[in-house]
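All remarks here apply to the structure that follows.
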There are 2 protein chains.
Amino acid sequence: MGEESTDSGSRGAPTSIDVARRAGVSQAAVSLVLGGKAAGRVGKKSQEAILRAAKELGYAPNSAARTLRSGRSQVIALVVPDVNNPFFAAVFEGAECAARKEGYSVILITLKDIQDWQQLINKAFTTYAVEGWVLYTMRVPTAPLQELLRDKAILVDGFTNEMPSLLLNIAHGMSDMMQHLIQLGHTRIAHLAAAPDDETFLLRHRVYREQLQQHKIPYRDDYQVRSAFTLESSYQAAYQLLTLKDAPTAIVCDSDMLAAGVYQAAHTLHLTIPADVSVTGFDDSLVSRILVPPLTTVAIPTQTLGEQTIALLLSVLEKKQAPYFDSLPLSLVVRGSTTTIADK
Amino acid sequence: MGEESTDSGSRGAPTSIDVARRAGVSQAAVSLVLGGKAAGRVGKKSQEAILRAAKELGYAPNSAARTLRSGRSQVIALVVPDVNNPFFAAVFEGAECAARKEGYSVILITLKDIQDWQQLINKAFTTYAVEGWVLYTMRVPTAPLQELLRDKAILVDGFTNEMPSLLLNIAHGMSDMMQHLIQLGHTRIAHLAAAPDDETFLLRHRVYREQLQQHKIPYRDDYQVRSAFTLESSYQAAYQLLTLKDAPTAIVCDSDMLAAGVYQAAHTLHLTIPADVSVTGFDDSLVSRILVPPLTTVAIPTQTLGEQTIALLLSVLEKKQAPYFDSLPLSLVVRGSTTTIADK
DNA sequence: CTGAAAGCGCTTACAG
DNA sequence: CTGAAAGCGCTTACAG
């Protein structure tokens, strides 16, 4: 015998063998019944006995054994840049909810630095048995990782030829936002952009310029600032804009989190939102509702996003259909942070 | 042969046998080297050959097999009521960071309703191989669950005889907060309490009353309101307080999230914080820094909390010491939402 | 409808 | 220092 022998029955968790013994059936029958595959394979009497015995013993199938044998863990990993951004917390909740309906669970992996790619994913590979990956990181993974993730990962709000994407209609949302401000009479519109030069943010900027051009509003270099996703950074950036000689009457932010910095700077400068300056966000996260006045923003519907994400990933995993590229519509949510341009 | 036979080598993921074959060693040697247990057991030459072969094949150990055989998954589950509350997102990050240093990973489980206890934990039991549990839910689990969790779970900010607790010094934090307001000259101090009647919130209320009494300030029933953790609810509660004939000059909230509702209500009523009313929170989450002016609050240090939580859980799992009860000190963070009482 | 058995990919004690 | 082998607890095809 290979190992420290243990008298069965008195050990930690009960196994399917313990349940079988108690119910007077074979171990295989236990597995079938608890796996929901007993139809026409196990008699009524046995089924009842098995369920009773399992309950009495407090039996739960060993997930490692199940995963090892079946090759299926029913676990999906969601990779995001930062959970502390309430938007990604909502994305997690949306994905978790959609996944649960399909019998899957979601683990959350935070990818703070780009260097973490290797480390974190390797860790996830050796720690969890992850069946599928949803990457919402605005960063395309490195080549060796793409190989590991082939046919089991999708990208959200990003594009690469190496894996299917769920695209968001960022351009439409941004363009709605610009038109909203222009209709309110704004012409001095600044852009507080996100510092990372991911495609999703570059796109926002492109639409910002296009809209200015279409409405014959001159583009001004001094109305362009960029900020990291910290309050300090966005505060500084906003302060710079608001203290310009010819300060903007509206500031378009790439994210609700960045807009929070504008609120701080406006307060410092005794400016009132929206009377003195209109402010807009992007995401429609908790942040947009907490700010006073509530933030006009572009809503990314996290529940729908979760559903579509899970649907796309499962279709990829099951190879039911060729990877497709979809585009989720975003909608403008007008709240109290924008108003018509004041005559001063 | 039991099953669809597969010619080894050409299947999905490479196994330790593939690596062994390529390196010209036994499968066991591969396991030892990649498990970091090769010291004095495998020769230098073999080790190098194994590592090279593993790299070339892109080998990663199968986690389900490892967990099944070793009985250790290195996974800890953190159960919280709501990830959308930025405080719990920070708690997750703190725990994840501390756990990683010890070689563990953390999965996040959200427990919205008390009814979910059974369902979610059972699911976690059968989906993940969870070694240890951290319950930060302000709810003590039901009896049958306590049995399942025996000797592998700890409770944060809650108490039961059934499992070890990490206690937070809520009383101290709340008492500091009350003294801060009283020193500023406030006597009309209202309490916007959390609706759930968990011990942690009842304690805040007890300290609130004690402090009033100690400073000979009369307790007023009309200064007591309770609110769920939604903006709508806390807005309503705050509105009620602020429209009293004899409105309070300070509102003490059980959580930063609740304070956000006070900001909204104050804005509606054209009241300025802190000039017209001082507001305080609890947690020191992202919310407290986003609000304008930033919120005076009681800080729960999520990084330290994560470290202590993991340390306590691991000591319980390893049975290195008897479960102990510790109490994490909290500190007052004075920001811009509180000021001296204005003479009107 | 039921039972006996193979085997998922590892870890680990043991014999050499 | 190396190799052969047992076995973790399941799932699933197969023989009855």
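Side-chain atoms are counted along with the backbone in the values below, which use heavy atoms only and exclude waters and symmetry mates. Below, chain A is the first sequence line, B the second, and so on; all start at residue 1.
- Atom CG in D18(B) sits roughly 13 Å away from atom C1' in dC10(C) (whole-Å rounding).
- Rounded to whole angstrom, the span from the NZ atom of K44(A) across to the C1' atom of dT2(C) amounts to 17 Å.
- A distance-only check finds no donor-acceptor pair linking the side chain of T302(A) to the backbone of V91(A) [under 3.5 Å].
- Across all strands shown, nothing is found opposite dA13(D) as a Watson-Crick or G-U wobble partner with both distances under 3.5 Å.
- Checking dC10(C), dG9(C), dC10(D) against the side-chain heavy atoms of L68(A) singles out dG9(C) as nearest.
- S63(A) comes within 4.0 angstrom of no nucleic acid atom, judged by non-hydrogen atoms across all strands.
- In this structure, CD1 of I17(B) is placed 12 Å from P of dT11(C), rounded to the nearest angstrom.
- Taking atom CD of Q27(B) as the reference point, atom P of dG7(D) lies 16 Å away to the nearest angstrom.
- Look at CD on Q74(A): it is 11 Å from P on dT11(D), rounded to the nearest Å.
- Between dT11(C) and K37(B), no contact under 4.0 Å exists linking OP1 or OP2 to a side-chain N or O.
- The side chain of N62(B) approaches dG9(C) more closely than any other nucleotide in the set dT11(D), dA5(D), dG9(C).
- Listed nucleotides dC10(C), dT11(C), dC10(D) differ in distance to S70(B); the shortest reach to its side chain belongs to dT11(C).
- The backbone N or O of N84(B) sits less than 3.5 Å from a side-chain atom of D82(B), completing a donor-acceptor pair.
- The pair R100(B)-E96(B) counts as a salt bridge, with a side-chain nitrogen and a carboxylate oxygen less than 4.0 angstrom apart.
- For the pair L32(B) CG and dG3(D) C1', the computed distance is 11 Å after rounding to whole Å.
- Residue T67(A) is out of contact with every strand shown, counting any heavy-atom pair closer than 4.0 Å.
- Salt-bridge annotation for K152(B) and E131(B): absent, with no side-chain N of the basic residue lying under 4.0 Å from a carboxylate O of the acidic one.
- Counting heavy atoms from C-beta on, the side chains of V33(B) and L51(B) come closer than 4.5 Å.
- Straight-line distance from the CD1 atom of I50(A) to the P atom of dC1(C): 13 Å, rounded to whole Å.
- Nearest to the side chain of S46(A), among dC8(D), dT11(D), dT2(C), sits dT2(C).
- In terms of phosphate contacts, S26(B) brings no side-chain nitrogen or oxygen within less than 4.0 Å of OP1 or OP2 of dT2(D).
- Using a 4.0 Å cut-off, no side-chain N or O of S31(A) falls inside it from OP1 or OP2 of dC10(D).
- Taking the nucleotide of DNA chain D with the nearest heavy atom to each of G24(B) and P61(A), the more 5' of the two is matched to G24(B).
- Using a 4.0 Å heavy-atom distance criterion, A28(A) is classed as a base contact.
- Between R66(A) atom CZ and dC8(D) atom P there is a gap of 19 Å when expressed in whole angstrom units.
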